[in-house]
Each structure stands twice: as C-alpha cells, then as structure tokens.
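First the structure, in the form of structure tokens, and then the observations on it.
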Amino acid sequence: MEIGNRARAVEDWFAANRRRLPWRTRRSAWRSLVSEFMLQQTQVARVVEKFEPFLTRFPDPASLAAADEQEVLAMWQGLGYYRRARNLKRAAEMIVERFGGRTPLEPDELLELPGVGRYTAGAIASIAGRRRVPIVDGNVQRVLARLHEDDADPTSRDAIARAWQRATELVDACDRPDRLNEGMMELGALVCTPGMADCGVCPLATGCGARRSGRQASIPPPKRAAVKIEVHHHSVLVRRNGRLLMEQRGDDGIWAGLWQVPTVESKRKLGPSQVSRRCGVELTEIDRVGSFTHELSHRRIHVHVFRGDAAPGARAPGRTWQTRSGLERLPVSNAVRRILELG
DNA sequence: AAATCGTGGTC
DNA sequence: TGACCAAGATT
C-alpha cells in the first residue's frame, strides 16, 4: 500500500471510531498540555478520573502557576510519577512569564517547558495545534515495528530512531496530523495490542509485515523488566491528643514532596525497639499494627506498620501534628493511604 | 546511557 | 501468579 493511502486509512479509521478522550474535542492548548502530562506512562482510564477535577481547579496556566505546590500534589494524588505534577507547575510558571500566559503550540517552544519531551511536544502541537509533526509513544512504536516487521529490541537507539523516521514519513503523507497521530495511538491501544493483533479490523492489515509472516506475537520482543530491589519501610502512627504526626519527604527520590507518617527505611526488617529508637520522636510505647508489600516498577517495599504513643512533651522538629481533617489536605502516596487506613 | 520515577491492568 | 505494559522525561 502506498504511504499516503496508509496514512489516510488510519485517519479514516480514527474518524469513524469513538475517541476515549472526549476532552480533546475542545481544542485548548492548556487542556492538551495537562492531559499529556497525566498520560505519560499512565493508562487512559486512570487519567479520565483525574483530569476534569484538575482542570476545574486549574483552568489556565496562571491559576496553576499561582497555586501552592502542596495543593497541586494533592490533586495529583494516586496518579504516580509525582515529578510530573511539579514539572507541570513549573511549566505553567514559564508559560506565564515567557509566553504571556498562553500555552504555545509550536514544537520548539513546547520543548523548552520542563517535563515536555519529544513525544509530549509532538502530541500537543499535532493534536491541539494541528501542526505536521510526528509522535512515537509505546503504542505507535509497536504498530510501526509490526508494520515494518522490525524485530529489533524496542529500547535500542536504532529501533527508536527508525520508529521516529517512519512516523515522520507517515505524518508527512497524511491529510490530518491530529487524526493520524491519535489514530496510530488508538490502534496500538485497542487493535494492535501487546498481547493480540486483531488484524481483521486493522486499517493497516494490507501490507503489514508482521501479519504477512505471522509474527505479530513476537514483534516487538518484550522489554526486560527492571530488577526489583527489596527494601523495608517501618512506619509509625504516632498519636497525641487525637492528632497524628506527619513528615514531608525530601525533594528527591520516590514520592518526593509527599507526606508520610514517621518512617524508618532500611535494607533489613527492624524490630519495634529499633524502630522506636530511630523514628525521630520519643515514644512511651510501640505496637505492631500490620504489614503489606507495596510494588513499584523498580522496587518492592515491605511496609511494616506500627502504632506508638508520643512521650509527654516529646519534640518532633520539622514535623507537624495533624487532625483528621488536616490529614486529608496533605498529598500522600497510595502506600501511606493504606497505612493511614490501618490507623 | 542505564537508572529512576508510581500505580493499576492484563493475560 | 508474575512478567509485562502504559499517550515518557530526566539525569
């Protein structure tokens, strides 16, 4: 099939199929920017729950730029990759300062924003701005690899470069870059999925290399999962006068900037007396409450939960005593949410 | 440039 | 059930 016909086949397929992201029917650069930040490495279904509340609270770059970072993180709670939320706020600040509050639609300007890489810039520019630029996400890379029967390791430099080259050729040959790019991603998400290629309904089936050779299941080869390091978090629910002691995590590492109950991290499991000694506040008593494991992409955290009573007049520098309603305003990880449920 | 950063879904 | 994956970016 000639490349222009391929591109139009995808555009027509997308135009005829319902979109899973209805907010894109309103073409707003700001909405597109927020949407693309949320969608980085995150499934559409998860984003749908969070998007409208976030946009209602932060309807334009100025409102986000002026907001307290704690509130931004709270609106992001549960989405993961919390650095995106902080980058998005910094991007909003830059939009206000350098672009007069108007979200840019040119790829080069978008790339200057923190947290915006080649994919995100291309998605906003092509979908919200209808600029003729390519995008390659995990879906597009898989569809293109199968189309061209490219069985290389998808994490290799060369394979990535070939995907961008092929995406560029397609978008150069298409009529509507927005429909082409969204169509390629939807194809990957709904038709040409990792586990199954539903070639019977695929607009690219004619001329697909993997289909011709029957290698849909082995292209692309799977990426090796990261080795998970095992660590232990000992978290203490410290009570005093009906309040709970909370601390904020540092600027780097996992859950940066989020809040937690006092937690001792170690390579090995610790007993109650060790936890009591190292948790940073004097306790008169400590008991085990329960434990669970929390899985991250590159780490397995064994969470051991304790309950302790603060000694009278105990000091806890850098920490705050929170009431139940105060707790609800602090951004916490899902692991901490589970810990708090045990309290 | 390999590691890091969350969480939930799929098969 | 445990890999593997998701509208990736950063260092």
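Every heavy atom of this structure was used, including side-chain atoms; hydrogens, water molecules and symmetry mates were not. Here the structure is a predicted model, which is why all the values come from computation and not from measurement. In what follows, chains are A, B, ... by sequence order, proteins preceding strands, each numbered from 1.
- At whole-Å resolution of the value, CZ in R337(A) and P in dT7(B) are 9 Å apart.
- Listed pair R83(A) / dA9(C) fails the phosphate criterion, with no side-chain N or O lying under 4.0 Å from OP1 or OP2.
- The pair D287(A)-R307(A) does not meet the salt-bridge criterion, since no charged nitrogen lies less than 4.0 angstrom from a carboxylate oxygen.
- Residue V116(A) is classed as a sugar-phosphate contact, given heavy-atom separations below 4.0 Å to backbone atoms only.
- In this structure, E295(A) atom CD and dC5(C) atom P are separated by 17 Å, rounded to whole Å.
- Atom-to-atom, CG of L296(A) to P of dA3(B) comes out at 17 Å; the value is rounded to the nearest Å.
- As a whole-Å value, the separation of R299(A) CZ from dT4(B) P is 7 Å.
- Among the atoms of the strands shown, only primed sugar atoms or phosphate atoms (P, OP1, OP2) are found under 4.0 Å from some heavy atom of T120(A).
- Residue H294(A) places at least one side-chain N or O closer than 4.0 Å to OP1 or OP2 of dT7(B).
- In this structure, CG of L79(A) is placed 17 Å from P of dA6(C), rounded to the nearest angstrom.
- The aromatic rings of H232(A) and H302(A) lie parallel to each other, their planes meeting at an angle below 30°, with 60° marking the opposite boundary.
- Classification of R268(A) and E230(A) as a salt-bridged pair fails, no side-chain N sitting under 4.0 Å from a carboxylate O.
- The phosphate of dG8(B) has OP1 or OP2 within less than 4.0 Å of a side-chain N or O from N334(A).
- We find that D251(A) and R86(A) are joined by a salt bridge, their nearest charged nitrogen and carboxylate oxygen being less than 4.0 Å apart.
- Considering only side-chain atoms of R142(A), the nucleotide from dA1(B), dC5(C), dC5(B) that sits closest is dC5(C).
- Closest approach to the A189(A) side chain among dA7(C), dG6(B), dT10(C) is made by dA7(C) (side chain taken as heavy atoms from C-beta onward).
- Two residues are said to be in side-chain contact when any heavy atoms from C-beta on lie closer than 4.5 Å; S273(A) and R277(A) meet this criterion.
- Nucleotide dG8(C) holds its P atom 8 Å from the CD atom of Q40(A), rounded to whole Å.
- Within 4.0 Å of G253(A), counting heavy atoms only, lie sugar-phosphate atoms of the nucleic acid but no base atom.
- One interatomic measurement links the two molecules: CG of L39(A) to C1' of dT7(B), which rounds to 14 Å at whole-angstrom precision.
- In this structure, Y82(A) reaches the dT7(B) phosphate: one of its side-chain N or O atoms is under 4.0 Å from OP1 or OP2.
- With DNA chain B read from its 5' end, the first of the two nearest nucleotides for G195(A) and L258(A) is the one closest to L258(A).
- Nearest heavy atom pair, residue V289(A) against residue F306(A), reads CG2-C, 3.7 Å.
- A close approach under 4.0 Å does not occur between any side-chain nitrogen or oxygen of Q43(A) and OP1 or OP2 of dA6(C).
- When the P atom is used for both dC11(B) and dA7(C), the distance is 13 Å, rounded to whole Å.
- Residues L144(A) and M184(A) have side chains in contact (heavy-atom distance under 4.5 Å, counting atoms from C-beta outward).
- A donor-acceptor contact closer than 3.5 angstrom is absent between the side chains of N87(A) and R84(A).
- Between E93(A) and K89(A) a salt bridge is recorded (basic side-chain N to carboxylate O distance below 4.0 Å).
- Taking the P atom of each, dC4(C) and dA3(B) are spaced 16 Å apart, rounded to whole Å.
- Remark: H298(A) is in phosphate contact with dC5(B), judged by side-chain N or O atoms under 4.0 Å from OP1 or OP2.
- For T42(A) against dG8(B), a side-chain-to-base donor-acceptor contact under 3.5 Å is absent.
- Looking at residues 221-230 of chain A, you'll see P222(A), K223(A), A225(A) sit with a heavy atom under 4.0 Å from some atom of DNA chain C.
- The distance between atom CG of L190(A) and atom P of dT10(B), rounded to the nearest whole Å, is 13 Å.
- Taking side-chain N and O atoms only, W255(A) has no distance below 4.0 Å to OP1 or OP2 of dT4(B).
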